[in-house]
Amino acid sequence: MVWDWKYALDILPGLLEVAPVTILATLGAFAVALILGLGLAFARRSTNRLLSGVTHAVVEFIRSTPPFVQLFFLFFVMPQFGVTMSALMTGILGLGIHYSTFLSEVYRAGIDSVEKGQWEAATALNFTPRQKWMRIILPQAIRPIIPVMGNYLITLFKETPMLLGITVVEMLSQAQIIGSQSFRYTEPVTLVGIFFLVLSYGASLLVKRLEIRLNVHR
Amino acid sequence: MKNLLSGAVPTIQLTLLGAALAFLLSFLGGFGRLSRFTAVRGVSGFIVEFFRGTSLLVQLFWLFYVLPFMGIRLESGMVGLLALGFNYGAYGSEVVRSAILSVPQGQHEAGISLNMTSLQRMRYIILPQAFRTMIPSFGNLLIELLKGTALVSLVTIPEMTFEALAMRTNDAQYTLEIFGWLLVIYFAISYPLTMLMRWTERRFSLGRL
Amino acid sequence: MSGSEVIERPDTEAPIEGKEPIVRFEKISKSFGELDVLKEVDLDLYPGERVAIIGPSGSGKTTMARLLMTLEEPTDGYIEVDGRQLWHKEVNGELVKANEKHLHEVRGDIGMVFQHFHLFPHMTVLKNLMEAPIKVKGQTKAKAREEALAMLEKVGMVDFADQYPARLSGGQQQRVAIARALVMHPKVMLFDEPTSALDPETVGEVLEVIKEIAKDREMAMMLITHEMSFARDIADRIAFFDEGKIQEQGPPAKLLNNPETERLGEFLNRFGIDGNHG
């Protein structure tokens, strides 16, 4: 028998112990991506050609190169410039930056989907630019993209195992450590797989329901 | 820089072979999920959700660490190829499925009215139209796959990222240069791919209007 | 039957002498869930005959065409095409549900023109016409091409042979769709509201084409339409559908001028005979 139930149950608490790290990395990176992504979307829309051009180039570059390598870059290179932070913080920042480039495109699509008439109406009512964005445009732009954001959250979650590359002890890394102690990898790695499957599949069902609800209430 | 470039060859090989496998599996999975037979639909749905749901790196580790315990020994390059192919194939199957479903029902009906068999309808009417819709998504997946190849360095495949990590251990003072160049080379591979996809998309959209 | 003048009509009160119907609907019923769209409808169509089907929307008229084209399966009843069962197959003297192979054999006699044309957007006009003759009937490319061009000539679209459908107006697309159905040489042609999706200014050209091909007295035609004056001009017989049944049928002159049922009277009042309904 390849699978040992007793062993699997024995190691489960050890694995779940680091589940908060995986979750924290996911939510932290998502928060970074949400905020930075909005910033990038605005910069890209800027009437300043230089700003929007540079933003465009940076976004294209970051999204075309592996986040795994970007993590190493931050992890190894930042200290050379005197910036030190924990591996987990580096991971949150790295994944967050990578996904902010995707979210900036999502925001853009959302903003573009707001009818031109809404801008004109907001101008006609003499809102300040800030009010226009905060009260009229963004609320309408964000609503239809919520499911897409949800899907990126799930994707991001599934990317967190790569943080083990920069010594973050998240779930897969923990599984590797447990496995190396007893030379039994089957149970720990499989359990981590199931953990990811259950959470991400469950979340994807939630996103689907959310999508339907958002459509119904339109 | 030289060593990095020699590492680029396995990276490109992995990308292309992985993409070929993923492309094949995309269609297999996509058709499976649209099958008339509930059993086929169920099984392919399960497989697709499985590979989509359990993170690429976990799959990679599973193949690398667990398979040998089952008496299956694969070369590490093969492990990387399989993990990439199945993972992105699962995503691709969703692309295929939704593209086929996006072709209007009227096209099926027109095919029936001309007495085409279901195979002929799929081959001559539905797929050529669906294929157009698939191109941009496949293009994005190809870039994702290229980015994914960096992860296989963790299972000791000597591709570009692996080389870079090895180089850093020897020449820590050149860290910035090594990883800077590494990113640039990845970009140099992926950007032409992006361009190629955009060009293909334009080419295939001729005739629409 | 020369048939060059639309006034010349066979007497369709009685079956056309000596001929067997090409299509026979027998006690056909169709339900979508709770909704009974057709209720035990009987209708015969004779070779070369032109039957117009009129009636309010939701009366089940389009469903008749869709059942005959095998796009929809009847809930109950039988359809016969040229002496063969369409939805059933005789196995040891018993009628069982037909499989795809059987449907494929029988529906070759039927052609259809759709309300929304359904041209293949990824093929040129010419390719749209050549695809099925080559792939389904196994014609040579040269022959298919020759016939496709001849048919395009007939519907006045030969100049557009190399265009893609998206460039054409609705009326032009529908003319191509008609030609595409015709090159398959069906024995029965179904027109499912062929002008309903068109801009008013292109309705005329499509009706002209249909009138033109109606001169061919070999092919039977079933026309589902809202254009009353067109139905009057072209049909040998008009059937009025309402609430899933044929309420009244007969030659156009009689049916349109002296409706027997109250429902038809109301319907004609509302839609008028000039085709100028809203």
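Proteins get letters first, then strands, A, B, ... in listed order; numbering begins at 1 in each.
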Item to complete: Output the distance between atom CG (A:L172) and atom OG (B:S55), rounded to the nearest 0.5 Å.
Response: 7.0 Å
Worksheet item: Are the side chain of B:T54 and the backbone of A:G193 linked by a donor-acceptor contact shorter than 3.5 Å?
Response: no
Worksheet entry | Where B:Y186 and A:P66 come nearest, the two heavy atoms and their spacing | CG-CD, 3.4 Å
Worksheet item: Relative to chain B, which segment of A:F68 carries a heavy atom at a distance below 4.5 Å: side chain, backbone, both, or neither?
Response: side chain
Worksheet item: Among A:T155, A:T190, A:L199, which has the most heavy-atom pairs under 4.5 Å with chain B?
Response: A:T190
Practice prompt. Let me know if B:S153 has heavy atoms under 4.5 Å from chain A in its side chain, its backbone, both or neither.
Written response: side chain
Response to the item:
d(B:I189 CD1, A:T65 OG1) to nearest 0.5 Å is 11.0 Å
Item to complete: Kindly say whether B:L57 contributes a backbone atom to a donor-acceptor pair with the side chain of A:K158 at under 3.5 angstrom?
Response: no
Discussion item. Just checking B:R41: does its CZ atom have more than 12 heavy atoms from other residues, nucleotides or ligands closer to it than 6.0 angstrom?
Written reply: yes
Discussion item. Below 4.5 Å, heavy-atom pairs only: which of B:L146, B:L67, B:T161 has the largest tally toward chain A?
Written reply: B:T161
Worksheet item: Counting only heavy atoms not in B:M78, do more than 12 fall under 6.0 Å of its CE?
Response: no
Worksheet item: Passes side chain to side chain contact (heavy atoms under 4.5 Å, CB included), B:L176 versus A:F81? Steps please.
Response: CA-CA 10 Å; B:L176 173 65; A:F81 293 89; 4.1 Å; yes
Response to the item:
Assert top hit (heavy-atom pairs under 4.5 Å, partner chain A, pool B:I143, B:L56, B:L165) equals B:L165
Discussion item. Are A:Y185 and B:Y65, when compared by the centres of their aromatic rings, separated by less than 6.0 Å?
Written reply: yes
Worksheet item: Is there a donor-acceptor pair closer than 3.5 Å between any side-chain N or O of B:S190 and the backbone N or O of A:S64?
Response: yes
Worksheet item: Side chain, backbone, both or neither: which part of B:F50 has an atom under 4.5 Å from a heavy atom of chain A?
Response: both
Worksheet item: Counting only heavy atoms not in A:E115, do more than 12 sit closer than 6.0 Å to its CD atom?
Response: no
Response to the item:
Rounded to the nearest 0.5 Å, the CG atom of A:L71 sits from the CZ atom of B:F179 at a distance of 10.5 Å
Discussion item. Go through it in stages, so that I can follow the logic: the residues are A:V192 and B:W62, the test is side chain to side chain contact (heavy atoms under 4.5 Å, CB included), and I'd like the CA-CA distance, side-chain angles, deciding distance and then a yes or no.
Written reply: CA-CA 10 Å; A:V192 173; B:W62 201 87; over 6 Å; no
Discussion item. Quick one, A:F61 with B:L183, criterion side chain to side chain contact (heavy atoms under 4.5 Å, CB included). Give me CA distance, side-chain angles, the key distance, then yes/no.
Written reply: CA-CA 9 Å; A:F61 186 83; B:L183 286 171; 3.8 Å; yes
Worksheet item: Quick check: are there more than 12 heavy atoms from other residues, nucleotides or ligands sitting under 6.0 Å from CZ of B:F187?
Response: yes
Fill in: A:F102 portion near chain B, given a 4.5 angstrom heavy-atom threshold
side chain
Discussion item. Please classify the contact between A:Q176 and chain B as side chain, backbone, both or neither, with a heavy-atom cut-off of under 4.5 Å.
Written reply: side chain
Worksheet entry | B:K147 (side chain) donor-acceptor with A:R63 (main chain) under 3.5 angstrom | yes
Worksheet item: Do you know which of A:F183, A:F76, A:F72 has the most heavy-atom pairs under 4.5 Å to chain B?
Response: A:F76
Discussion item. Please determine whether the number of non-hydrogen atoms from other residues, nucleotides or ligands lying under 6.0 Å from atom CD of B:Q105 exceeds 12.
Written reply: yes
Discussion item. Just so I understand: if I count every heavy-atom pair under 4.5 Å between each of B:Q173, B:R52, B:Q59 and chain A, which residue has the most?
Written reply: B:R52
Worksheet entry | Considering all heavy atoms, the nearest A:E60-B:Y191 contact | OE1-CE1, 3.0 Å
Fill in: Contact class of B:Y91 relative to chain A, heavy atoms under 4.5 angstrom
side chain
Worksheet entry | Atom CZ of B:F69 with >12 non-hydrogen neighbours under 6.0 angstrom | yes
Worksheet item: Roughly how far, to the nearest 0.5 Å, is the CE atom of B:M70 from the CH2 atom of A:W3?
Response: 9.0 Å
